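None of these values were measured; they are calculated from a predicted model.
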Amino acid sequence: MTEHLTEHTPAPAASGPEPIATVTFLHPAPATVPPMPAEPPTVGPDDRTVVLETARIILDKPTTPAPVVGRVEKVDLDDFDADAPLIPAWMHSAEGWAAWAGVFYRARRRDFRRWVRRQPTQRGHVRQFGRGARRTHEWVVGFEGVRVQSAAHTAHVLTREAKLAARHARFTPRILGTKKELAMKASEKATKAAEEAVLLHKKAKKDRNRARNLRAGVAYGPPLAAIGTGYVMGGGLGLAAGLLSTFAGGAFVGRKPYDEEADWTSDWRSLGDGDRMTAPMLDAAFRAAKVIGAEESLGVVQMPMLDARGAWTAVLDLPPGVPAKKAIRATDELAAAFGVEEAQVSVAKRGRAGRIELYVSRDLPFTDKAAPGPLLALESPADFWGRISIGPDVRGIHQSISVVERSGLIGGEPGAGKSASGNTILLAAALDPRVILWLADGKGGGDLEPFEHLCERYEGDADPEAFSAILDELLAEMKARYALLKKLGKRKVTEDLANKHPELRQLLLWVDELMLYTTDDEHGKKITRKLRNLVSRGRAAGIITFCATQKPGSDVVDTSLRDLLSIRWALRCTTPEASDTILGKGAAASGYSAKTIQSEMRGAGLLWAEGTNPTMVRADYYTDEQVEELLARATEWRRAAGTLPNGPVSLPDQLRAQGDDEALLLAAVLDVFAAHSTEDGPAEWLPGQLLLDELKTAGHTVTAEKLGALVQRTDEEKAKRPWGEKGSRLAGYPLARVEAVATARFGLTA
């Protein structure tokens, strides 16, 4: 209930304050308000005092309840410092209690976390107890041992001198008289001094033991009494309480750490030597690497911890004004500070500009045996429209990329694993029957030869002119695709559109060893220009271009072409400039250089496909036998889908396609040669009678004269040769002559 005090209060003097306020009762409001005093209460001149005194008068005279009239306004009486204690508002509801308990819980949780973070430091309670125990032991031992050692040394020296004096006196002849007497006196004097020294040594030992025992009783008596009394009085709980009190007392004694000069444990800590990563180690390493200043420290967001692979990981906040890229550029210096190889240290930005994630592997990454690639587990065709598995990163997390509407560049020095890395993408494309393959092997070494039977176009002779012609065909194909897209009213090729129109299926152009093509004097510039046109315009038409080279120089990969290739994969390079040719100018200066990859890390490279920074990954590895197995699956799936390209037609099949009797007879003759093939291939020469017998068995009507007229031989070719086990000399026909007659007569190719 609310009352307006101004209705019952006389107007004050002009110079006095206006006693106006609104009071909210915490208990049931009275039915009628007693009349206000005729005169204002004799209180101080301020409004708060007047209102408070009036409120006290009202609360002291309760009456029967009355209905509330008008709007109720609330005033917190906590502001008026009343005599009766006012209950806080949060105590009136369960939600308030929960909020208060939550604040208390969070505060205790923060305290516990601070306590946990403090334990590995010099301020940790375990180290405090260790220092306390050490200091207590040193106090118990005391300094009396120095006097005991001194007395023992003196006793040993005097005893030795007494022995020498006694021997001298004994062996001095009595005939010498005075000398004998002097020797005896010297012996007695030395013996007396030695006995006194021995007594002093015994007394020093006794005093030392008495003092030590007294101090030991003072130092160790109360803890032992507390532990024993606790065990007798409370059993296990009492024993635990006694041990805890002893630990607390020891920690209190050792609460103050040693001075830095006297602390022999403050030497440099190194992860390479097996030390644990701690917050002080991180600060020291980042200061040594000049990432932070001498007076600055890191903010530890996630404390250093070990993962399942034995590597250290931590999330850190750099001091204000220090960007993450400064730490990334200093990877080499950080590795030296941690005592590990640069390849073992990985620094990446985490969420914001000043926060980094630090990962330090225990061993050099990517030196163990690679696990079987995931493509081996496929039981159905792959999906090249989806994500393609690339391989694990340094943390063991598998990385994958999407190549839809993209193109890429793979480069590295010879032996870096370029061919094996490229197989991850090539095999994924081959295992999708919908993908059209156009391959060019500029190396001419046969790395791409196993894929030849799956290709619509294949250039394996390292011929720049032939490759230039293939690019012309592909540019015409791109033009035809855009014409079809325009007709369909579509802007680009999608998976659904490609499934409806097979002529719009994804097309992968893979160029191995780009250097041979782009550095050719006659066709190099034309090839670069055509590739640039294809890469810039072919994405929306479903044409994906990947180039690989062993010499990633600016003369090989023109910057105008490189900048259009959105996926960059830099394997081990010999120079930072070669790495920048792949990843882009300035990448090495920013801390991303493929030169840092060790030779033992085959297949490892910096992959820049997604995200703002390159990622160190190792490509999935497939052996030659596994590649053959996967290509056999790809062949089967493409044959079932009807997308297996037509391979080269054999000469016998070409002859049978002619439909001519002579062509059919020549085809049958070639079949006989093939039937008598060996491991080296078809037989190079067969006897004429053998050919006639085989042809008649196959149903052909032929005579020796007819066969001789069809396949005309030279005199040298008609010469008899030994045949069979007996070595009988017979006339026959060479395979080369039969093929020459067939190709010349019908204009075919062998």
### Message
Main chain of G603, side chain of R618: is a donor-acceptor contact present, judged purely on distance under 3.5 Å?
### Response
no
### Message
Would you say that more than 12 heavy atoms from the other residues, nucleotides or ligands in this model lie under 6.0 Å from the CD of E449, or not?
### Response
no
### Task
For the pair E405 and K492, evaluate salt bridge (Lys or Arg N to Asp or Glu O under 4.0 Å) and give the outcome as yes or no after the intermediate values.
CA-CA 9 Å; E405 297 187 30; K492 62 182 180 179; 3.0 Å; yes
### Distance-minimising heavy-atom pair for A382 and R434
O-NH2, 4.4 Å
### Query
Is there a donor in the side chain of S468 and an acceptor in the side chain of K530, or the other way round, less than 3.5 Å apart?
yes
### Message
Salt bridge or not between D432 and R505? Use side-chain N to carboxylate O under 4.0 Å.
### Response
no
### Task
Check whether any side-chain heavy atom of I388 sits under 4.5 Å from a side-chain heavy atom of V403, and report yes or no.
yes
### Summary
To the nearest 0.5 Å, atom OG1 of T528 lies from atom NE2 of H523 at 12.5 Å
### Query
Under a 4.5 Å cut-off applied to non-hydrogen side-chain atoms, are S566 and R539 in contact?
no
#### Entry: Expected output: side-chain R491 to main-chain K486 donor-acceptor under 3.5 Å
no
### Task
Nearest 0.5 Å please: distance from the CD atom of E477 over to the CD1 atom of I470.
13.5 Å
### Query
Is any side-chain heavy atom of I390 less than 4.5 Å from a side-chain heavy atom of S400?
no
### Message
Whether R602 engages the ring of F366 as a cation-pi pair (distance to the six-membered ring centre under 6.0 angstrom, angle to the ring normal within 45°) should be assessed.
### Response
no
#### Entry: Test ring-ring contact (aromatic ring centres under 6.0 Å, His included) applied to Y733 - qualifying residues, sequence neighbours left out
none
### Side chains of L561 and D563 in contact at under 4.5 Å (non-hydrogen atoms)
no
### Query
Within a strict 4.5 Å, meaning less than it, do heavy atoms of the H676 and E694 side chains meet?
yes
### Task
Indicate yes or no: at least one non-hydrogen side-chain atom of T494 is less than 4.5 angstrom from one of V404.
no
### Query
Any chance the side chains of N533 and R529 put a donor and an acceptor closer than 3.5 Å?
no
## Note on the structure
Shortest non-hydrogen pair, G412 vs I582, comes out as N-CD1, 4.2 Å
### Query
Charged N to carboxylate O under 4.0 angstrom, R350 versus E357?
yes
### Message
Run the side-chain contact (heavy atoms from CB on, under 4.5 Å) test against V627 and tell me which residues pass, sequence neighbours left out.
### Response
N423, L427, Y622, L631
### Message
Can you list everything that forms a salt bridge (Lys or Arg N to Asp or Glu O under 4.0 Å) with R633? Sequence neighbours excluded, please.
### Response
E629
### Message
For D472, is there an ion pair with K526 - N to carboxylate O distance below 4.0 angstrom?
### Response
no
#### Entry: Separation of T635 OG1 from H453 NE2 (nearest 0.5 Å)
2.5 Å
### Query
Are any side-chain N or O atoms of Q344 and backbone N or O atoms of S361, one a donor and one an acceptor, separated by less than 3.5 Å?
yes
### Query
If only atom types and distance count, is the side chain of D461 paired as donor or acceptor with the main-chain N or O of D463 below 3.5 Å?
no
### Query
Does a side-chain heavy-atom distance below 4.5 Å link L735 with E739?
yes
### Query
How many angstroms lie between CG in L508 and CZ in F384, if you round to the nearest 0.5 Å?
5.0 Å
### Query
Does L488 reach the side chain of L497, with side-chain heavy atoms less than 4.5 Å apart?
yes
### Message
So which atom in T424 and which in A619 form the shortest heavy-atom distance, rounded to 0.1 Å?
### Response
CG2-CB, 4.1 Å
### Query
If you measure from CG on L437 to CG on L509, what distance do you get to the nearest 0.5 Å?
10.5 Å
### Task
Looking only at non-hydrogen atoms, find the nearest pair between I401 and A609 and report the distance.
CG2-CB, 3.5 Å
#### Entry: Closest non-hydrogen atom pair between F673 and P734, with its separation
CZ-C, 4.1 Å
### Query
Atom CG of D447 and atom CZ of F451: how far apart are they, to the nearest 0.5 Å?
9.5 Å
### Query
S560 and R532: side-chain donor and acceptor closer than 3.5 Å?
yes
### Task
Answer yes when R457 and E473 have at least one side-chain N-carboxylate O distance shorter than 4.0 Å, and no when they do not.
yes
### Task
Determine the minimum heavy-atom distance between T596 and A343, stating which atoms define it.
O-CB, 4.2 Å
#### Entry: Residues Y517 and E465: side-chain donor-acceptor under 3.5 angstrom
no
